[in-house]
Amino acid sequence: MSKIETPRPIRGTQDIFGAEAEAFAHVVETFERVRKLYRFRRVEMPVFEKTEVFSRSLGETTDVVSKEMYTFEDRGGESLTLRPEFTAGIARAYLTDGWQQYAPLKVATHGPLFRYERPQKGRYRQFHQLDAEIIGAAEPQADVELLAMADQLLKELGIADGVTLQLNTLGDAPSREAWRMALVEHFREAEDALSEDSRERLHKNPLRILDSKDPRDQALVHDAPRIDDFLSGEAERYFLAICDGLDATGVKWHRAPTLVRGLDYYRHTAFEFVTDRLGAQGTVLGGGRYDGLIETLGGHHTPAVGWAAGIERLAMLVRDAGKAAVDALDVVLAVEDDRALTVAQQVLAQLRRAGFSTEIVASGSPRKRFDKAVKMDARVILGFDHDDSQVVRALRGPEEWTAKIDEIVTPLVLAQAS
RNA sequence: GCGAAUGUAGCUCAGUUGGUUAGAGCGCCGGUUUGUGGUACCGGAGGUCGCGGGUUCGGAUCCCGUCAUUCGCCCCA
């Protein structure tokens with residue numbers, strides 16, 4: 001008989017358990033609570049879409065589309081792709097599901113996304129994001145509201161210290177194009193001094209040179225033309241309105257003139273909440289305005305803003321900050337004699353129905369069950385020996401007491417209340 | 001796609017210049033002790049030393065390849 005080999009997990013996937021899973025759930029629960037305060041509607045989106053949903057909206061030449069997507073043919077021969085981000089699918093639904101009637105539409109969702117990348121700290125092939133979008137709103141207040149929600153989320157997660165909001169504008173389409181051309185001209189003059197990566201970027205995505213980490217690029221970036229010199233009057237007024245709005249809302253921000261976005265569809269506002277506590281993956285939440293995206297999917301010109309946040313990255317910060325408290329165990333039952341099992345089962349059901357989180361220890365060596373129960377760190381321990389009185393003893397409460405089995409809940413409720 | 005480090009029990013790790021039958025702590029299972037108690041002791045299960053090849057009388061240890069993990073680059077949340 002040949003040995004059966006256990007299948008290995010897929011590279012870049014995670015089996016999340018224990019404290020990590022608690023932190024993960026805490027992030028999602030907090031997001032759900034905050035999103036309701038801001039009246040964002042919950043949506044559930046498909047995990048896969050036609051490939052063109054992403055290739056057209058993100059841009060064929062972006063790394064995400066050209067080498068990071070999980071694309072496959074289904075049995076009908078259609079090219080499908082596991083979603084590498086949320087925005088494109090939501091924009092598609094806005095057009096195909098008649099969501100335009102609800103504009104301006106505020107939606108929120110979360111779930112798994114897929115990108116074929118080299119895994120490292122805070123970066124996985126199946127990863128998870130929170131996502132919030134406002135579609136059909138052209139006014140700066142939409143950007144401000146979205147940022148305020150992000151800010152409140154981070155504060156309620158208890159990780160706002162050490163995370164800063166980096167804010168920039170990319171201008172409207174003409175501003176952005178003029179800036180882009182000036183940047184290309186600036187960097188082309190000194191092309192030989194650029195890093196290899198940046199020479200490549202010069203042709204593919206010159207804006208990205210601005211946030212290069214290579215020291216050879218730093219000096220050139222420092223002298224590079226600023227978007228401020230290319231902003232149209234309208235684009236400038238728009239950006240100032242956002243700055244004022246954030247100040248009025250009490251959201252702290254820093255101007256980051258070299259902050260750009262990787263994906264082509266962004267206009268005007270661009271932002272990232274950044275920390276230095278997660279190594280190379282410092283962006284914890286990022287987004288911006290994507291007024292051009294809906295058109296690439298065949299819709300009318302539709303202004304929109306959104307952001308996404310990496311749940312794993314937030315969960316790591318939450319864990320490091322010690323903010324993910326595991327819910328304490330209310331009661332543990334130690335069955336020290338198997339003949340008392342039936343009685344214990346009755347009490348167990350009674351307690352759980354009454355709303356107490358309850359665990360039972362009834363296996364292994366009877367003499368060691370109490371010790372096991374003690375280690376579970378419950379607020380109350382109930383000991384079950386075998387005798388005819390059907391009385392249990394409670395320890396580790398505010399005080400010790402005994403009770404008949406059908407009267408256990410009452411003293412526990414009283415103990416809870418005191 | 002590129003670079004570096006690391007893979008020994010369920011977990012955290014020892015394992016000397018290559019040399020008997022590969023170890024410890026924790027956890028798990030059983031027993032004894034204690035008996036309103038988180039104790040101590042005894043015993044047990046559990047390992048193709050990531051995988052494959054090579055060098056050697058002999059490989060957990062040296063060499064090559066491969067897979068995985070981690071940390072960077074890139075990309076991005």
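Note on naming: letters A, B, ... go to the chains in the order of the sequence lines (proteins, then strands), and numbering restarts at 1 for each one.
Contact annotation: Arg208(A) side-chain N/O to C76(B) OP1/OP2 distance is under 4.0 Å.
Gly282(A) comes within 4.0 angstrom of nothing in the nucleic acid, heavy atoms only. Within the 4.0 angstrom heavy-atom criterion, only backbone atoms of the sugar-phosphate kind lie near Arg261(A); the bases stay farther away. Here Glu68(A) lies in heavy-atom contact (under 4.0 Å) with sugar-phosphate atoms only. Within 4.0 Å of Lys372(A), counting heavy atoms only, lie sugar-phosphate atoms of the nucleic acid but no base atom. At a threshold of 4.0 angstrom between heavy atoms, the contacts of Phe127(A) include nucleobase atoms, whether or not backbone atoms are also involved.
Taking atom P on both G19(B) and C2(B), the two are 36 Å apart, rounded to the nearest angstrom. The separation of A45(B) from G30(B), taken at their C1' atoms, amounts to 10 Å, rounded to a whole angstrom. If you take atom P in U17(B) and the same atom in C75(B), they sit 44 Å apart, rounded to whole Å. For the P atom pair drawn from C11(B) and G72(B), the interatomic distance equals 24 Å after rounding to whole Å. Nucleotides C42(B) and G27(B) place their P atoms 15 Å apart, quoted to the nearest Å. Separation of the C1' atoms belonging to U56(B) and U69(B) is 31 Å when rounded to the nearest angstrom. For the C1' atom pair drawn from G52(B) and A14(B), the interatomic distance equals 27 Å after rounding to whole Å. Comparing the P positions of G50(B) and U16(B) gives a spacing of 14 Å, expressed to the nearest Å.
Taking every side-chain heavy atom of Gln120(A) into account, C74(B) is the closest of A77(B), C74(B), C75(B). Closest contact between the side chain of Lys368(A) and the listed nucleotides C75(B), G30(B), G37(B) involves G30(B).
Relative to the six-membered ring of Phe230(A), Arg176(A) misses at least one condition, a distance below 6.0 Å or an angle of at most 45° to the axis. For the pair Arg289(A) and Tyr238(A), the cation does not sit on the ring face, since its NZ or CZ is not both under 6.0 Å from the ring centre and inside 45° of the axis.
Under the 3.5 Å distance criterion, with hydrogens and angles disregarded, no donor-acceptor pair is assigned to the side chains of Glu156(A) and Thr30(A). If you check the side chains of Glu20(A) and Gln14(A), you find no donor sitting under 3.5 Å from an acceptor.
Atom NE2 in His128(A) sits roughly 13 Å away from atom C1' in A77(B) (whole-Å rounding). Separating the CZ atom of Phe24(A) from the P atom of A77(B) is a distance of 17 Å, rounded to the nearest angstrom. Here U69(B) presents its C1' atom at 8 Å from CZ of Arg11(A), a figure rounded to the nearest Å.
For a distance-only test at 3.5 Å, the side chain of Arg123(A) qualifies as a donor-acceptor partner of the base of C75(B).
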Subject >> Pair pattern of RNA chain B in dot-bracket, where unpaired bases get dots and | marks partners in another strand, Watson-Crick or G-U under 3.5 angstrom >> reply: (((((((..((((.....[...)))).(((((.......))))).....(((((..]....))))))))))))....
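Ring geometry for Phe114(A) versus Tyr70(A): interplanar angle over 60°, hence perpendicular rather than tilted (30 to 60°).
Lys252(A) contributes atom NZ, which lies 12.0 Å from atom OG1 of Thr164(A) (distance to the nearest 0.5 angstrom).
Comparing Thr13(A) and Gly286(A) by the nucleotide of RNA chain B that holds the closest heavy atom to each, the one mapping nearer the 5' end is Thr13(A).
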